[in-house]
Structures are given as structure tokens and as C-alpha cells.
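Shown next, in C-alpha cells, is the structure this report addresses.
First listed ligand is number 1; within each ligand, the first listed atom is number 1.
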Amino acid sequence: MALPHGPVHWLVTRYDDIRSVLAHPAVSSDLTREGFPNARAGTVKRAPGFFISEDDPDHGVLRRMLTRTFMLKNIESMRPRLSRLTGRLLDELAEQPRPADLIENFALPFPSLVICELFGVPYADREVFQQNSKVLVDLTVTAETALAARDAITDYLLGLLKEKDRNPGDDLFSELAVRRVRTGELTPEQAAGMGSLLLIAGHETTANMIGLSTVALLRHPDQLQRLLAEPESVPTAVDELLRYLTIVHNGLRRIALEDFEIGGVTVKAGDGLVIPLQSANRDPAVFDLPDELNLSRAARNHLAFGYGVHQCLGQPLARAELQIALPAIFQRFPGLKVAVPYEEIAFRRQTVVYGISELPVTW
Ligand code: HEM
């Protein structure tokens, strides 16, 4: 397979093989290694603290500093606040002239506001991370442009960390500034890198899931009705939507550090691996009639959040946000409709995260 960065790589497609590769101790996420199958042409650089591109043990040390914030118990306690925020944003949407853009008015501000509150980032500064995150997930820009966008978020966060050190609050960045940077456990650059990873991962993903799920539910009205009538079925439905849509759709990337066997072939040290999660999530050996959306399906074993040591840290938050936002949209606007023909919906395909740029809706 030809990629901007190298000659031939392995495309891993079966569910079992994908899990084996992602859990294999001899695969690396370090995108600066010679031969790494990067998605973009150009020079790549690893930012300090951007632990999604680091290997253990360094990766684990940084990740563990954040696990408390994302623990299920902590996220569950946020549910009443998430519901109130959803209600407020949907009320504001109701005041908009129709058709209104669901992405701009709800799908993006909802997760953005949530992470701003959790991390202690002033929402008024959202331009910095919303704009630059959009560039970062765009696969049509060069590696240099993507790097500049990431650096802009990191520079902003370096300033914010200083502010938190002077004036700490009850939020994640204050905790990093006071407990980790002051003590010398993290450099300010590492803390800012961790923060930029969280900001980017935290809103681009959920925002796109909300947009795409809304369209998917409107195209399956019987299932939508059942979902609204049976609130206890919402968690199962959200996992099926995560499986069906698999928004991190450009293939996770890894490089082999040693020779190993997978699915009957030998992967050699130095070989690149491209791992499309949607292929695992549509594997008929694991999911019956995988191309069908079936909200009653028990799909929690899907790989939309990845697998292995880098499996999504934010998944309890993402699940809670989707479980609250999706039913609320349709309860608030029972007659919700997309205001353009399906063919005209602005799907974003050339991106790390599949999604929708704009979704005009009416009700
Ligand atoms: C529907 C929403 C989401 C999806 C589908 C998703 C998907 C993923 C996937 C596939 C990975 C694995 C990447 C890899 O192995 O290379 C990942 C990692 C990660 N995600 Fe998410 N994510 C979502 C929401 C979030 C949220 C809300 C946050 C935080 C606020 C978050 C934070 C992270 C972080 C920090 C990592 C890196 C973990 C590590 O390297 O140990 N994600 N996500």
C-alpha cells in the first residue's frame, strides 16, 4: 500500500487481528520512528506530553496522572450538570431562526463547554482550540501546518498554566500546575502537551458523533421511536451508534518493533501497520449483519475507542455526553428534520475523525 511516508505496510482488517495488534507489546505509536506509516506527508515531530504518540513506560506515567478525572465515578457525578447544559443549549437553539445549524449551535458547544469546565479553560478562549483542532484533524493539510496548529494550542495552554499556578481553581489544569509542574514531576511543556491532546480529543470526537448520530437516527425512525420510549435502552443504543459510525476512521497507525506472527503472517520489525477500526466494527464474524444499524444489538465490545494501552481515556465522558445529548435533542424537538437532502449534507471524510461540518435542521 502506498502512503505519503513509506512503501508497503500491513493493513489489518479482522476484529481479532486488530485486537491482537493493538494489544501487542512489540508495537509502537511513536510516529517519529523511521518507517512509521504517517497519514500526512512532511516532517512529523512529537510534542512533549502528547502521550497518544508515546510508548510505555513514558505513556503510562502521563496517562495515569489523568485517570482520576476520567474515572467512571467522577464522570457519573457530572451527569446532572451535563443534563442542565444540554437543556440550556437546546433552549437557545429553539430561539434560532430555522433552519439552524445543529453543529454550531449544539453538537460543538456542548462537548467544548464540558471540557472547558472540567479542565478550567475559559470558554471565551475557545477559538484557539476549536479552530486549531479543526486544522489538526484535517488530513489535506501538510504535517507542518498540523504542527503549527498543535503548537498554537500548546502555547495558549502554557500561558494558562502560569495563570493557574498564580490562581488555582478546582479543575484539571490547576491540578497539573500545582501538583505536577510546581513539584517538577512535569515540565510546563509536558503539561501543556497533555492538555492540548485532551482538548483536541475531547470535542472534535463527541461533536461529530452527535451530528452523525442525529442523521443516522432520523434515517431509522422506528428505532428512534423505540429508543425514546425505552430510556433504559439508551446506553446500548449509544454503543451501537459508536460501532456503526466508527468516527476515528482513518486507521490507527503503529510500527512493529520486533518480528511477530499475526493472522498467519509474519510482521517484521520496522513494518508499518494501518489499522482501520471500522473494519473490526463491521467484521461479520463478530457482528451479525454488521452494515445494519440495530440499536438493540449488544455492541459494547466494539473497537470505536481503540484497544490496548492507548484505548480512549475519555470514553466514560464521551458515553455520558452521548447518552444525555441524543435523546434530549429528539425530546426537545419531536419534529426535528434535516433541512437539506441527504446528498447535500456536508460530510467530512478527509479527516482523522469522520463527521459533519454543518447540519441545517428544522422542526
Ligand atoms: C465519541 C467520542 C470518542 C471516540 C470515538 C474516541 C476514540 C478514540 C480512539 C480510537 C483512541 C485510540 C487512539 C490510538 O490508539 O492511537 C482514543 C484515544 C484517546 N482519547 Fe478518545 N475518543 C472519543 C472521545 C474522547 C474524549 C471526550 C476525550 C477526552 C476528553 C478523549 C481523550 C482521549 C485520549 C487522551 C486518548 C489517548 C489515550 C492514550 O494514548 O492512552 N477521547 N480515542
Side-chain angles (χ1 to χ4, degrees), residues 12 18-19 21-24 27-31 36-39 46 49-67 69-71 74-75 78 82 107-108 110-119 121 129 133 137 171-173 193-213 238-255 273-281 302-326 351-355:
V12 191
I18 287 183
R19 285 218 313 189
V21 166
L22 290 176
H24 204 287
V27 300
S28 165
S29 290
D30 179 355
L31 43 73
F36 194 91
N38 281 301
R46 221 179 48 195
F50 213 80
F51 59 88
I52 197 166
S53 316
E54 290 192 33
D55 295 332
D56 282 339
D58 299 353
H59 153 267
V61 170
L62 300 181
R63 180 174 165 126
R64 276 192 295 278
M65 292 185 189
L66 302 169
T67 40
T69 302
F70 290 98
M71 256 166 32
N74 194 28
I75 299 300
M78 288 171 64
L82 297 181
L108 188 62
F110 174 53
S112 270
L113 278 158
V114 173
I115 48 175
C116 280
E117 188 189 314
L118 196 61
F119 305 162
V121 177
F129 63 87
S133 298
V137 296
D171 55 65
L172 183 66
F173 274 115
M194 288 161 79
S196 60
L197 170 60
L198 290 172
L199 281 179
I200 299 156
H203 73 279
E204 270 295 328
T205 44
T206 309
N208 285 309
M209 263 308 288
I210 293 175
L212 289 168
S213 300
V238 162
D239 271 295
E240 168 66 352
L241 285 162
L242 284 160
R243 178 199 73 84
Y244 181 72
L245 296 166
T246 315
I247 55 168
V248 177
H249 73 148
N250 187 52
L252 300 186
R253 311 289 163 129
R254 298 292 191 265
I255 189 165
L273 297 140
V274 177
I275 305 154
L277 298 174
Q278 63 274 37
S279 170
N281 283 345
H302 65 74
L303 303 186
F305 289 122
Y307 193 74
V309 292
H310 289 279
Q311 194 183 56
C312 182
L313 176 67
Q315 57 186 292
L317 177 60
R319 281 198 171 99
E321 288 174 332
L322 294 169
Q323 289 167 8
I324 288 167
L326 293 174
T351 44
V352 180
V353 181
Y354 179 52

Aromatic plane relationship, F51 with H59 - under 30° parallel, 30 to 60° tilted, over 60° perpendicular: tilted

Please check whether T205 reaches ligand 1 - meaning an N/O of the residue sits under 3.5 Å from an N/O of the ligand, judged on distance alone. no

For ligand 1, is F70 a contact, meaning one of its heavy atoms is under 4.0 Å away? yes

Closest to atom 33 (C) of ligand 1 (heavy atoms only, candidates A201, A320, P316, G306) is A201

In ligand 1, which numbered atoms sit nearer than 4.0 Å to a non-hydrogen atom of L252? 13 (C), 14 (C), 15 (O), 16 (O)

Would V309 count as a contact of ligand 1 if the rule is a heavy atom under 4.0 Å away? yes

Part of V248 within contact of ligand 1 (heavy atoms, under 4.0 Å): side chain

For ligand 1, is T246 a contact, meaning one of its heavy atoms is under 4.0 Å away? no

Would L118 count as a contact residue for ligand 1, given that I'm defining contact as a non-hydrogen atom of the residue lying under 4.0 Å from a ligand atom? no

Pairwise side-chain contact, I75 with R319, heavy-atom cut-off 4.5 Å (strictly under): no

Does an N or O from Q311, backbone or side chain, lie closer than 3.5 Å to an N or O of ligand 1? no

Check: F173 and V121 side chains under 4.5 Å, non-hydrogen atoms: yes

Report yes or no: does a heavy atom of A304 sit under 4.0 Å from some atom of ligand 1? yes

Checking the N or O distance criterion of under 3.5 Å, is ligand 1 in contact with R254? yes

Which bit of R63 gets closer than 4.0 Å to ligand 1, counting heavy atoms only: side chain, backbone, both or neither? side chain

Could you find the nearest protein heavy atom to atom 20 (N) of ligand 1 and give me its residue, atom name and distance? C312 SG, 3.2 Å

Checking heavy-atom distances from atom 37 (C) of ligand 1 to each of I247, I52, L199, the winner is I52

Run the contact test for H59 against ligand 1 with a 4.0 Å cut-off on heavy atoms, strictly below, and give the result. yes

With nothing but distance in play, are any N or O atoms of E321 less than 3.5 Å from an N or O of ligand 1? no

Judged by heavy atoms only, the candidate from L198, V114, T206 nearest atom 35 (C) of ligand 1 is L198

